[in-house]
Amino acid sequence: MMVLPRRSGSRAPHLPRSRKLLLAWLTLFLSWSCPAVGKKKLYIGALFPMSGGWPGGQACLPSAQMALDLVNKRTDILPDYELELIYYDSMCDPGEATKLLYDLLYTEPIKIVLMPGCSSVSTLVAEAARMWNLIVLSYGSSSPALSNRQRFPTFFRTHPSATLHNPTRVQLFQKWKWTKIATIQQTTEVFTSTLDDLEQRVKEAGIEISVRQSFLTDPAVAVKNLKRQDARIIVGLFYETEARKVFCEVFKEKLYGKKYVWFLIGWYADNWFKIKDPSINCTVENMTEAVEGHVTTEIVMLNPETVRGASNLTSQEFLEQLMSKLGGKNPEETGGFQEAPLAYDAVWALALALNKTVAPLKAKGWRLEDFNYNNREITAEIYRALNTSFFEGVSGHVVFDAQGSRMAWTLIEQLQGGSYKKIGYYDSTKGNLSWYGNDRWIGLGPPADQTVVIEEFRFLSQKLFVSVSVFAGLGILLGIVCLTFNIYNSNVRYIQNSQPYLNNMTAVGCMLALAAIFPLGIDGLHVHRAQFPVVCQFRLWLLGLGFSLAYGSMFTKIWWVHTVFTKKDEKKDKRKHLEPWKLYATVGVLLLIDIVSLMIWQIVDPLHITVEKFTKEAPKEDLDVLIQPLLEHCSSEKMNTWLGVVYGYKGLLLLLGIFLAYETKSISTEKINDHRAVGMAIYNVSVLCMITAPVTMILSSQQDASFAFASLAIVFSVYITLVVLFIPKMRRLITRGEWQSEQQETMKTGSSTNNNDEEKSRQLERENKELQKIIQEKEERVSELRNQLTERQNDPKSMLPPRLQLLYK
């Protein structure tokens, strides 16, 4: 097989156009002079960078020639054709490649396929190839930008796209249960495209990129931002020189260790972090410490399995033949040695695709040798054949995705003890992760993707709850005793004069208020969260109805006393007539107002559970966790509005009760003989309620203090009310023996001299009667004297002295 002389990277003087054509015809003549018998030639135009930024052609060209030799010897692949390679040195320079592409296209013979190398050259060739209906098959292009079918409709590559790392990264994120990552990239097109693809893939996998940083030359600020925003799982996309700058800053910011994992590109040199770099001020020891444990992903370019593929060679046999063809050159000093299997498989992919098109073209009356730059039908058949390629090559499974990019295995390595260890492979074509299980971590295992936040509910102190519950229970027992006493002695005159039914309501209301303490202390520790709204309802209704009954009955008494005894008109009549039903009706109205308002509240805006979050707290132990305290509340959408209405209404009642109690403190009446004790209870209840309501709202975030303040206020209010209202009555009846009937009460009234209020009242009544009697006598005497005076005025003789009156007689 004869080959056109390739251009070197040197700037030799250009030959005249006529001499170029002469050399081309001479080459064609020599190549046609001894063709394989009966075989037609198909020409491949190739650009191999033998020098420049990536001299990959140094190993890729011999590899491609090895593949051509084997293909041309096979009788089952293109038996009627012979493939020939026409190649130039592009120097990985788009400008140089433009001139070479012109020569390839406008110099005979016609090329059926183009094979460029590095990404920048492939971009130029692939974008122009559509104008000549040419298929482009690259062996060394990794730029994600080439995965654009609209811009590059006929482009294929056996070198996987740089975005092929991303499915492996996503697989690892899912394996280690990470849902939050961060990225830092060097601002170049290839890394930006890779990161855009990664962002789309992690979004589909339900993973969040919480921090995205980039830099041009100095990564210091970007690394500081990663530290400040608590980045833990970090994907780094940058070239090797910038990687050293990044990890020097990582060491300074302490962004490494058991809390962090870095993902890097795997094509750096194995000792990249040990290379002395004048642009950084970190030692080798510093760098080694900072990079320990990071994970790399690298495209597998040599099949790790010992299998014979389409070429009937294993990967190891291929390497042996390639080393022989290179003449013993050091692989590390030979450009493109890692990519050589890709160039080898590129030729095989092309040969198998062309072989697949022979039959379809023959059915349409076409042949491969009929191809020209205007023949779209042959191009379409070659495209379909390449697009459906699937075979085992020396680089692994060869298959193309919808964008023409190679699907390949990815090698996963981890830096352990200063050297890279293989920890797994990922086959993106089958979604299969082969895991060795030898991954090693600085901590106990893979770190968390963020500071682990443990939600911890705050519950009421059980000691406090039990203690207050005991007092509440004793209070309820006291209420039952008082209620029983009042009912049993309801026929006693002294009890009757205290309006016992109102006192019964007070006792029941006090017990309801005490019962509200139990649901006030019940929280998520005792009931399921779904049942918590029911507890909220019990709190509201028990406390509301208890207050209405207890305070409402006392308020009614003091209201009646004030109404009757502060009016001058018809005062005596009003003292004599007291209609109990009016008192009960007043309490009923107050109770009805509460019931209606609570029902409207629960229908319009029902109570439900809300969770209050507090500032995260760090535990004392050295753990990468934070405690998120939570507190459950009973609340509604417009809680403040409802509380404002209820507190406003109740507050007015309390203030009015205080006023009425003060106004009636000097009044005495037998009809309600305990109104002064009621006034005392109203003072205590009002003061405690007006202090407790605002304080509990302020302390709502402190469950123990809030419960203690509210429950103890209820306990004290109830105890004071029950003691003030009922204990004096019990003492009086016990010490006086006034137990059974109104008759007994009447018989023993004369000997009752120790009750100051009653005795004073009776004494005043007696004095009043005596004074009325004296006044009546005086009025009669005055009337008699007036009559006598009138008679004397009518009879002049009556004005004389008695002796003179006798003389007149």
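Between Y436 and Y425, the ring-plane angle classifies as perpendicular under the 30° and 60° cut-offs. Classified by interplanar angle (parallel below 30°, tilted 30° to 60°, perpendicular above 60°), the ring pair F238/F247 is perpendicular. Aromatic ring orientation, Y584 versus Y501: perpendicular (interplanar angle above 60°, classes split at 30° and 60°). The aromatic rings of W601 and W642 lie parallel to each other, with less than 30° between the two planes, well short of the 60° mark.
The closest side-chain heavy-atom distance from M730 to C482 is below 4.5 Å. In this structure, the side chains of W441 and P447 come closer than 4.5 Å at one or more pairs of heavy atoms. The shortest distance between side-chain heavy atoms of S706 and T696 falls below 4.5 Å. Residues R539 and V535 have side chains in contact (heavy-atom distance under 4.5 Å, counting atoms from C-beta outward). Side chains of L195 and L198 form a contact here, defined as non-hydrogen atoms less than 4.5 Å apart. F263 places none of its side-chain heavy atoms less than 4.5 Å from the side chain of I181. When side chains are defined from C-beta on, T692 counts as touching F709, because their heavy atoms get closer than 4.5 Å. Residues L520 and F707 form a side-chain contact, since some pair of their non-hydrogen atoms from C-beta on lies under 4.5 Å apart.
A distance of 11.0 Å separates CD in Q171 from CH2 in W176, rounded to the nearest 0.5 Å. Interatomic distance, T194 OG1 to I265 CD1, rounded to the nearest 0.5 Å: 7.0 Å. Here the CD1-NE2 distance, from I234 to H294, works out to 13.0 Å after rounding to the nearest 0.5 Å. Rounded to the nearest 0.5 Å, atoms CD1 (I727) and CZ (R732) are 15.5 Å apart. Rounding to the nearest 0.5 angstrom, the gap separating the NE2 atom in H165 from the CG atom in L264 is 11.5 Å. Interatomic distance, CG of L631 versus NZ of K613, reported as 13.5 Å (0.5 Å rounding).
Under 3.5 Å, the side chains of T506 and S553 contain a donor-acceptor pair of N or O atoms. Side-chain contact of D427 with S434: a donor-acceptor pair under 3.5 Å is absent, judged by distance alone. Side chains of Q229 and S210: a donor-acceptor N/O pair is absent below 3.5 angstrom, by distance only. K557 and N503 share a donor-acceptor pair across their side chains, judged by distance under 3.5 Å alone. Side-chain atoms of T586 and T556 include no donor-acceptor pair closer than 3.5 Å. Side-chain contact annotation: Y256 with E289, donor-acceptor N/O pair under 3.5 Å present.
Sorted by first and then second residue, the pairs that involve residues 450-461 and meet salt bridge (charged side-chain N to carboxylate O under 4.0 Å, His left out), not counting sequence neighbours, are R458-E617.
Checked by atom type and distance alone, the side chain of N684 pairs as donor or acceptor with a backbone atom of M680 at under 3.5 Å. Of the possible donor and acceptor atoms, one in the side chain of Y683 sits under 3.5 Å from a partner among the backbone N and O of Y662. Not one N or O on the side chain of R232 forms a donor-acceptor pair closer than 3.5 Å with the backbone of K180. D523 places a side-chain N or O within 3.5 Å of a backbone atom of L460 that can act as its donor or acceptor partner. Between the side chain of D605 and the main chain of E637, a donor-acceptor pair closer than 3.5 Å is present. Remark: side-chain polar atoms of Q414 are paired, donor with acceptor, to backbone N or O of R440 under 3.5 angstrom.
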Could you go through the salt bridge (Lys or Arg N to Asp or Glu O under 4.0 Å) check for E204 and R201 one step at a time? CA-CA 5 Å; E204 293 173 357; R201 290 179 184 272; over 6 Å; no
For V250 and W262, what are the C-alpha separation, side-chain angles and deciding distance, and is it a side-chain contact (heavy atoms from CB on, under 4.5 Å)? CA-CA 10 Å; V250 166; W262 282 83; 3.3 Å; yes
Show the numbers, then the answer: is there a side-chain contact (heavy atoms from CB on, under 4.5 Å) between L237 and T183? CA-CA 8 Å; L237 301 174; T183 62; over 6 Å; no
How far apart are the C-alpha atoms of Y551 and S686, what are their side-chain angles, what is the distance that settles it, and do they pass the side-chain contact (heavy atoms from CB on, under 4.5 Å) test? CA-CA 9 Å; Y551 184 80; S686 299; 4.0 Å; yes
Set out, in order, the CA-CA distance, both residues' side-chain angles and the distance that settles side-chain contact (heavy atoms from CB on, under 4.5 Å) for F547 and L654, then state yes or no. CA-CA 11 Å; F547 179 87; L654 292 172; 3.9 Å; yes
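Taking a 6.0 Å sphere around CZ of F457, one finds it holds more than 12 heavy atoms contributed by other residues, nucleotides or ligands. More than 12 heavy atoms of other residues, nucleotides or ligands lie within 6.0 Å of NZ in K252, so this atom counts as buried by the packing criterion. When the shell of 6.0 Å around CH2 of W541 is examined, it contains more than 12 heavy atoms from other residues, nucleotides or ligands. At most 12 non-hydrogen atoms from other residues, nucleotides or ligands lie less than 6.0 angstrom from CZ of F471.
Contacts of F191 classified as ring pair (Phe, Tyr, Trp, His ring centres under 6.0 Å), with partners at least two apart in sequence or in another chain: Y239.
In this structure, Q628 and F614 approach most closely via the heavy-atom pair NE2-O, 2.6 Å. Here the closest non-hydrogen pair linking P694 and C689 is CD-O, 4.5 Å. In terms of heavy atoms, S717 sits closest to A713 at OG-O, 2.7 Å. In terms of heavy atoms, T610 sits closest to S635 at OG1-CB, 3.6 Å. Taking both residues in full, the closest heavy atoms of A222 and I184 are given as CB-CD1, 3.7 Å, listed atom of the first, atom of the second, then distance. Minimum heavy-atom separation, S469 to F518: CB-CE2, 3.7 Å.
Cation-pi geometry between K254 and F251 is met: the NZ or CZ atom falls under 6.0 Å from the ring centre, inside 45° of the normal.
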